[in-house]
Amino acid sequence: MNSVLRRLAALAIVYLIVLAAGFLLYLALIASPLLGAVPLLFYRGVLIAFIGALLLGLLLAIAARRIAAIDLSTGVGAVALSLAFNISFLIVFPVTFDRSITMFLLARIERQDGELTPPMLEQVFLREYLGDMHQIDRRVREQTLSGNIVQRGDGRILLTPQGRRLLTSARTIGHWFGADPRFVTASERLPAAH
């Protein structure tokens, strides 16, 4: 029993060290100019997470020669855990913050602490978020790069089959979690502008 507990403790320590080292490596790679030409934070972050996992795997392979607690299955498991953690962190924090209207609104409330009413905040949103920050243009570029939409020569936007699959998946997953369906289902078709 003692040897089993020692083995479990050794595994836990290896996993924690690899997880921490993998996260620090990930943060260092994100802060570097590596893949700086990739314009979407999510795609750049995922690619860097995989590069970090490969580097971490190489470092573990070297360390395994000196540390008995690191065998192949432990190394693969620890690197996989690190990769999963880094991608989860990317999605939960920086990507959410980058895309979050809530964070935008909180920053404006902080700036004008106690001075804004909800209608005033709506005007700040329209002027800054949609106007000054050109967030619609940004989202059109991102979704075009992602392959979810295409823009016709006359400027009108079409949803691609990939975009339809994305919305179908979003509706299904949103339903599982009780998410507000208004974000993924438009209430009614708007009349065409001439």
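Hydrogens, waters and symmetry mates play no part in the numbers below; they use all other heavy atoms, side chains included. Remember, predicted model here, so these are calculated numbers, not experimental data.
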Is there a path of hydrophobic side-chain contacts, each under 4.5 Å between heavy atoms of I/L/V/M/F/W/Y residues, joining Leu126 to Met133?
yes

Main-chain N/O of Ser146 paired with Gln162 side-chain donor or acceptor, under 3.5 Å
yes

Salt bridge (Lys or Arg N to Asp or Glu O under 4.0 Å) involving Arg108 - partner list, sequence neighbours excluded:
Glu128

In terms of side-chain heavy atoms, does Asp71 have a donor or acceptor partner in Ser73 at a distance below 3.5 Å?
yes

Closest heavy-atom contact between Arg152 and Asp154?
NH2-OD2, 2.9 Å

Do Glu142 and Arg99 touch side chain to side chain, with heavy atoms closer than 4.5 Å?
yes

Consider only side-chain N and O atoms of Arg182 and Ser187, and report whether a donor and an acceptor are under 3.5 Å apart.
no

Check ring-ring contact (aromatic ring centres under 6.0 Å, His included) between Phe104 and all other residues, then give those that pass, not counting sequence neighbours.
Tyr129

If I take atom CG from residue Leu158 and atom CZ from residue Arg164, how far apart are they, to the nearest 0.5 angstrom?
8.5 Å

Evaluate the side-chain proximity of Thr144 to Val150: yes if any heavy-atom separation is below 4.5 Å, no if none is.
no

On a heavy-atom basis, which atom in Leu83 and which in Ala49 lie closest, and how many Å separate them?
CD1-O, 3.5 Å

Please determine whether the number of non-hydrogen atoms from other residues, nucleotides or ligands lying under 6.0 Å from atom CZ of Arg111 exceeds 12.
yes

Are Leu81 and Leu59 linked, directly or through intermediate hydrophobic residues, by side-chain heavy-atom contacts shorter than 4.5 Å (ILVMFWY only)?
no

For residues Leu54 and Leu35: do they belong to one hydrophobic cluster (side chain heavy atoms under 4.5 Å, members Ile, Leu, Val, Met, Phe, Trp, Tyr)?
no

With hydrophobic residues grouped by side-chain heavy-atom distances under 4.5 Å, do Ile67 and Leu60 end up in a single group?
yes

Partner set under side chain to side chain contact (heavy atoms under 4.5 Å, CB included) for Gln151, not counting sequence neighbours:
Val140, Ile157

Let's go through Gln143 and Arg139 carefully: what are the C-alpha distance in whole Å and the side-chain angles of both, what is the deciding distance for side-chain hydrogen bond (donor to acceptor under 3.5 Å, both in side chains) to 0.1 Å, and is it a yes or a no?
CA-CA 6 Å; Gln143 293 310 305; Arg139 297 305 190 260; over 6 Å; no

Output for pair (Leu106 CG, Phe97 CZ), nearest 0.5 Å, gives 10.0 Å

Rounded to the nearest 0.5 Å, what's the gap from CD1 on Ile51 to CG on Leu56? Could you check?
13.5 Å

To the closest 0.5 Å, what do you measure between CG (Leu166) and CZ (Arg171)?
9.5 Å

Nearest heavy-atom pair of Ala170 and Val184: which atoms, and what distance?
CB-CG1, 3.7 Å

Side-chain donor/acceptor pairs under 3.5 Å, residues 117-125, sequence neighbours excluded:
| residue | atom | partner | partner atom | Å |
| --- | --- | --- | --- | --- |
| Thr117 | OG1 | Met120 | N | 3.3 |

Close side-chain approach of Leu167 to Leu159, heavy-atom, < 4.5 Å
yes

Could you state whether Leu58 and Val79 fall into the same hydrophobic cluster, counting links through intermediate Ile, Leu, Val, Met, Phe, Trp or Tyr residues with side-chain heavy atoms under 4.5 angstrom apart?
no

Side-chain donor-acceptor pairs under 3.5 Å in residues 9-32, sequence neighbours left out?
| residue | atom | partner | partner atom | Å |
| --- | --- | --- | --- | --- |
| Tyr26 | OH | Gly45 | O | 3.1 |
| Ser32 | OG | Leu29 | O | 2.6 |
| Ser32 | OG | Leu34 | N | 3.2 |

Checking Asp98, Val95, Leu47 against Phe42 for side-chain contact (heavy atoms from CB on, under 4.5 Å), the one that qualifies is Val95

Quick check on Glu110: does its CD atom have over 12 non-hydrogen neighbours (other residues, nucleotides or ligands) under 6.0 Å away?
no

Atom CZ of Phe50: over 12 foreign heavy atoms under 6.0 Å
no

Contacts of Arg6 that satisfy salt bridge (Lys or Arg N to Asp or Glu O under 4.0 Å) - sequence neighbours left out:
none

Keeping Ser82 on the side-chain end and Ala78 on the backbone end, is there a donor-acceptor pair under 3.5 Å?
no

Can you tell me how far apart CD1 (Ile70) and CD1 (Ile62) are? Round to the nearest 0.5 Å.
11.5 Å

